[in-house]
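Some notes on the structure that comes next.
Residues: numbered from 1 along the sequence shown. Just so you know, these numbers come straight off a predicted model, no measurement behind them. As the structure lists them, so they are numbered: ligands from 1, and atoms in each ligand from 1.
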Amino acid sequence: MGRKGVEVASSSKVIPHCPAHSNQTEKHRHKSSFTFCCGNMSLEAALIVEAANFAAEKHKQQRRKDPEKTPYINHPLGVARILSHEAEITDTAVLQAALLHDTVEDTNTTFAEIELHFGQDVRNIVEEVTDDKTLPKMERKKQQIAHAPHCSHKAKLVKLADKLYNLRDLKRCTPEGWSEERVQEYFQWASEVVRGLRGTNSILEAKLDHLFIDQGIAV
Ligand SMILES: Nc1nc2c(ncn2[C@@H]2O[C@H](COP(=O)(O)OP(=O)(O)O)[C@@H](OP(=O)(O)OP(=O)(O)O)[C@H]2O)c(=O)[nH]1
């Protein structure tokens, strides 16, 4: 087995198969060696849809903190969309990790489960962007600032997009129970995390800087 969901034949010919249909026979799975079982969908597209579906199942009971109580899945979908549509990221593992980035932190999902379904690379990225919820909140916030510069490039991309989504969301509306002061503190803290992520993606960093400056925060 090579990449998750990809069988590498003895001839080195890559034969994709869909993780959702791994119990199907070879004959049914492949129209040809290089087509995917789900019609003509590319392997990459199918892997991303699998991650979106997994995250939707895991977050199905959760809502955002905004007054509309937006379904939580809007957040990971939006983070992945920022990466694909704004930052021009095409790396499948990064897009999958963006979709999955809050599953371990905020649901009963384990890292082993992420690895089983999506492979080691995705697991590693999710692990890097997951806060240890057993720590007191202030400690977690400090750790994010301290750890940011040491993250891998792929994890930094997910973190930048995560912060961009949350800051835009704060501009859009205030979460229930948040004072103006708490909003400002979140912006300030986020700017300190982003400082440790710089040099990763100029598009995302420029958009974040625009938000920080608009909020009166020096960059
Ligand atoms: N702006 C905004 N954020 C919301 C909303 N609903 C949920 N959140 C989440 O709240 C977290 C920020 O709130 P905090 O009070 O600072 O953190 P906490 O939830 O961990 O206590 C973010 O999650 P996080 O994973 O902790 O992200 P981050 O703190 O690492 O950036 C964000 O995704 C919403 O409607 N608007």
So, [X] and [Y]: side-chain donor and acceptor under 3.5 Å apart, yes or no?
X: Ser152; Y: Glu128; value: yes
X: Gln188; Y: Gln184; value: no
X: His75; Y: Asp162; value: yes
X: Thr70; Y: Asn74; value: no
X: Gln144; Y: Asp131; value: yes

Taken in chain and number order and not counting sequence neighbours, the residues that satisfy salt bridge (charged side-chain N to carboxylate O under 4.0 Å, His left out) with Glu113 are Lys58

With hydrogens left out, which residues have an atom under 4.0 Å from ligand 1, given that only heavy atoms count?
Arg64, Lys65, Asp66, Tyr72, Asp102, Glu105, Lys137, Arg140, Lys141, Gln144, Lys163, Asn166, Asp169, Leu170, Pro175, Trp178, Arg182, Tyr186, Trp189

